[in-house]
Amino acid sequence: MSQTKYIFVTGGVTSSLGKGIIAASLAKLLQARGYRTTIQKLDPYINVDPGTLNPYEHGECYVTDDGAETDLDLGHYERFLNVRTSQANNVTTGRIYQSVIEKERRGEFLGKTVQVVPHITNEIKQRIQILGNSGDYDIVITEIGGTVGDIESLPYIEAVRQLLWELGENNGIVIHLTLVPYLSAAGELKTKPTQHSVKTLMESGIKADILVCRTEHEISDDIKEKLALFCNVKKGAVIQSIDASTIYDVPILMQEEGLDVVTLDKLALPNDAETDLEQWQQFLKKHKNPKHKVTIGLIGKYVELQDSYKSILESFIHAGAANEVKVEVKSIHSEHISEANVTDQMKGLDGILVAPGFGERGIEGKIIAVGHARENNIPFLGICLGMQMAVIEFARNVLGLPNANSTEMDSQTADPVISLMEEQKLVTDMGGTMRLGAWDCQLKPNSLVHEVYGKTDITERHRHRFEYNNMYKTQMEEAGLMATGLNPKTGLVEVVEIPSHPWFVGVQYHPEYRSTVANPHPLFVGFVKAALVQKQQQTNASLA
Ligand code: GLN
């Protein structure tokens, strides 16, 4: 296929309609028909990337192999498609302006006045076309963040309008995701908000080709006809997207509604290829019919907002299906854990995960939770800050170094078992300056992690400034906390484990960024399996 086709996904009426899931679901269906498909997200905020955003603001910051700190929707794209994304898949207004201003400073605009149209819009168009021009994809789906009508999204909408005109008919289409609310007092679904948002889009010169209507109730044929007539689309292009019990049902629901067929039709692409969703269906079957259940405690300080730990929660869904186990994740606020209540707080948990994070708030609770897992032989997985807390806990309670800490929390600590990397010491900027992206790691033969991964050479994604301090390695290992994964070039410790414990692993990297439906992450699969063993042993013990 020579001409790359472009699909633009806009949102109307309200935010949080799940544009990312719809885009990922459509991409899945197109991929299942053999089209090489990728997805890109354009975010209309002025931060250069979400790396500096508090998780309460924007949920989890997702990290790609090339070290881009990105919107969490890229996580959905990777989990659905099993295709890696990169910096090119996420663009923000901040990044667009930054590069236009840098060009201006280099004199590249040859004395011209630099304006939103055409300079900002040209930069946006170029960013959209980077993926298409790579030759790697037949179809590029571009999701425009925000809601149509927002001041922030105007330059994006204008760039899309121009690009549609340049691409010509059948090479670019617009899918408008909208809300059809149900008024219970009237007992009716209302189409007016959708009519207005389609009209707003038209005022910017863009006609929606397909409407995907989020709804809590079935949309009748009559309403579809009404929407089609007033919004200027064919009836077959009004797609219902009803609330689903799991996001992983959405590709199947969209297939039933014919979203892929109408999309291919609009793009003048053949739609006769068989849709191969066999693996997806297998996953769904296992996900929905678990044979057992385990409860995992997720110890974090951003637990009020589910999106903060999105990739971890999804990784548990993948690993649960792989084990045919329902994983119930119990979020526990680390600030609420104390020595006095830890036994109570951790009651009924078959596994304990201590989450990533930044800063001092809530860390003592995390350390107490690690200690509880270590002493009571409860399967434990520590991720990034969670691994660092495991090292601190071990230093304090096993090595007898009561003041052991990370220099992130106490720069003057007597025992800096976690400390700043040498190259980080001179860094002053906060944005994009951590140790980011994919790094090689070598696992110790015959370690637990070697068994879990089934190999010794792995690559995993990082996002942190602080590291295990190698000055303490001998002491730690002699006492039983083994460094079983090392960066082969720098010798930095990436994995620790306690061989005398049934399943105790801390990883400096983020396995959750690499788990997909097609490839559940081995660490999560192993952890869930260990939690199940733990549960069965507990049950047997109580029966004996
Ligand atoms: N705050 C820690 C560091 O910067 C851990 C980061 C994380 O958990 N992602 O090293």
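Ligands are counted one by one from 1 in listed order, and the atoms in each one are counted from 1 as well. Only heavy atoms go into these numbers, but all of them, side chains included; no hydrogens, no water, no symmetry mates. Note that the coordinates shown come from a computational prediction; the quantities given were computed from them, not determined experimentally.
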Exercise. Is the shortest N/O to N/O distance between Phe466 and ligand 1 below 3.5 Å?
Worked result: yes

Exercise. What class does the angle between the rings of Phe527 and Phe316 fall in, given that below 30° is parallel, 30 to 60° is tilted and above 60° is perpendicular?
Worked result: tilted

Problem set entry | Geometric N/O contact Leu385 with ligand 1, under 3.5 angstrom | yes

Seminar exercise, completed: For Arg463, the ligand 1 atoms with a heavy-atom partner under 4.0 Å come out as 6 (C), 7 (C), 9 (N)

Exercise. Are any of the side-chain nitrogens in Glu408 or Arg465 under 4.0 Å away from the carboxylate oxygens of its partner?
Worked result: no

Exercise. CD of Gln508 to CZ of Arg435: how many Å apart, nearest 0.5 Å?
Worked result: 7.0 Å

Exercise. Which atoms of ligand 1 are found less than 4.0 Å from any heavy atom of His464?
Worked result: 3 (C), 4 (O), 6 (C), 10 (O)

For this session: Mind telling me whether His521 and Phe524 have parallel, tilted or perpendicular rings, with 30° and 60° as the class edges?
Result: perpendicular

Seminar exercise, completed: For Thr37 and Gln31, the nearest pair of non-hydrogen atoms, with its separation, is OG1-N, 3.9 Å

Problem set entry | Where ligand 1 meets Cys384 - atom numbers and elements under 4.0 angstrom, heavy-atom basis | 5 (C), 6 (C), 7 (C), 8 (O), 9 (N)

For this session: Using a 4.0 Å heavy-atom threshold (strictly under), name the region of Gln388 that reaches ligand 1: side chain, backbone, both or neither.
Result: side chain

Problem set entry | Geometric class of the His501/Phe504 ring pair [parallel <30°, tilted 30-60°, perpendicular >60°] | perpendicular

Exercise. Is it true that Arg396 and Asp415 make a salt bridge, defined as a side-chain N closer than 4.0 Å to a carboxylate O?
Worked result: no

Exercise. Arg465 to ligand 1: N or O pair under 3.5 Å?
Worked result: yes

Seminar exercise, completed: One finds that the ligand 1 atoms under 4.0 Å from a non-hydrogen atom of His510 are 9 (N)

For this session: Any atoms of ligand 1 less than 4.0 Å from a non-hydrogen atom of Glu408? List them with their elements.
Result: 1 (N), 2 (C), 3 (C)

Exercise. Polar-atom distance check: Gly357 versus ligand 1, any N or O pair below 3.5 Å?
Worked result: yes

